[in-house]
Amino acid sequence: MSREENRLREQLCTLARSLYDRGLTHGSTGNISARTPDGGLLVSPTGTSFGRLDPARLARFDAAGTHVAGDQPTKEMPLHSAFYDTRSTAGAVVHLHSCHSVALSLLQEPNDDFLPPLTPYSVMQLGRVTLLPYFMPGDPAMGDAVRGLAGKRSAVMLANHGPVVAGRDVEAACNAIEELEATAQLTLMTRGLGPRGLTGAEVGNLVSTFDLEWEA
Ligand SMILES: [Zn+2]
């Protein structure tokens, strides 16, 4: 195993533990994956807690997608594959059962603007976030729904379930999913109080200045 892969295994488990320690996902919920330097994947095993991932037991796939070592991967693997297959820039994918995001998903119907533009960072780190419908756990239709977006979103929210975010690497994906949860929390905190969100022109300035993905 290369030194880079060892570092990646450690990083993946350290960041997962940090998310767990701060209550961003609980019990054995959440899953995380990352591209290895040789084009394969490391994936958190099924039934494991983000608080106790073992770098040596991560599920390892080769570049052809064959499981070659480690424990069995998460049952939500189709979600991860859907992002890697549709977004060439995806180097990591994280999925959480984070409380405020799930709460906010219960208050709206599926749409392409799950988060209101309250702060510039959510716009910059996430772009538009699509709220997908509810799917039964393990339903392959979840992965199909992500594929249906044709790579136009780096972040989606599964109704009554949790967010899924792809990033260029593990750190970027974790930072972005934390931004999603924090924005969902802000949205709930200010709901009904008439918050001043960013205007369409302010969002437009961010999109053009930072060359953000903002497709319909
Ligand atoms: Zn889940």
Side-chain angles (χ1 to χ4, degrees), residues 12-35 41-54 57-59 61 67 70-87 90-111 114-115 125-126 129-149 153-167 170 172-185 187-188:
L12 204 142
C13 296
T14 302
L15 290 175
R17 167 110 194 231
S18 165
L19 291 165
Y20 179 86
D21 285 347
R22 288 175 292 134
L24 287 154
T25 207
H26 56 275
S28 63
T29 65
N31 34 74
I32 184 165
S33 65
R35 276 257 178 254
L41 277 183
L42 288 168
V43 185
S44 56
T46 183
T48 50
S49 167
F50 261 29
R52 294 180 286 281
L53 287 182
D54 179 349
R57 295 183 60 173
L58 296 173
F61 290 80
H67 182 225
D71 290 349
Q72 287 301 313
T74 168
K75 287 187 286 297
E76 289 169 334
M77 188 72 197
L79 277 177
H80 294 250
S81 307
F83 272 105
Y84 292 114
D85 291 350
T86 56
R87 289 178 65 85
V93 175
V94 191
H95 166 56
L96 303 176
H97 292 191
S98 43
C99 187
H100 298 91
S101 311
V102 177
L104 187 60
S105 83
L106 310 181
L107 303 175
Q108 47 184 300
E109 295 300 319
N111 69 78
F114 170 63
L115 297 174
Q125 290 204 25
L126 298 158
V129 180
T130 295
L131 172 60
L132 294 171
Y134 168 74
F135 298 100
M136 201 166 75
D139 184 344
M142 259 192 256
D144 297 342
V146 172
R147 281 172 207 280
L149 297 169
R153 298 284 180 271
S154 65
V156 301
M157 178 66 203
L158 303 166
N160 306 63
H161 182 167
V164 194
V165 174
V170 186
C174 288
N175 286 343
I177 205 164
E178 288 190 33
E179 189 67 37
L180 194 159
E181 172 65 3
T183 306
Q185 186 170 8
T187 305
L188 292 170

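Position 1 is the first residue of the sequence, and the numbers go up from there. All ligand and atom numbering here is 1-based and tracks the order in the structure. Keep in mind that the numbers below use all heavy atoms, side chains included, and drop hydrogens, waters and symmetry copies.
- Residue-and-atom listing of protein N/O/S atoms under 2.8 Å from the Zn ion (ligand 1), sorted by chain and number: E76 OE1, E76 OE2, H95 NE2, H97 NE2, H161 NE2.
- Aromatic ring orientation, F61 versus H67: tilted (interplanar angle from 30° to 60°).
- Under the rule for a side-chain contact (heavy atoms from CB on, under 4.5 Å), the partners of S98 that lie at least two apart in sequence or sit in another chain are L96, S101, P163, E181.
- Here the CG atom belonging to L158 is positioned 7.5 Å from the CZ atom belonging to F135, to the nearest 0.5 angstrom.
- By the side-chain contact (heavy atoms from CB on, under 4.5 Å) test, T29 is found to be paired with T25, H26, H97, residues two or more places apart in sequence or in another chain being considered.
- Judged as a side-chain contact (heavy atoms from CB on, under 4.5 Å), and not counting sequence neighbours, the contacts of A173 are A92, V94.
- The side-chain tip of R17 does not point at the ring of F50 from less than 6.0 angstrom away and within 45° of straight on.
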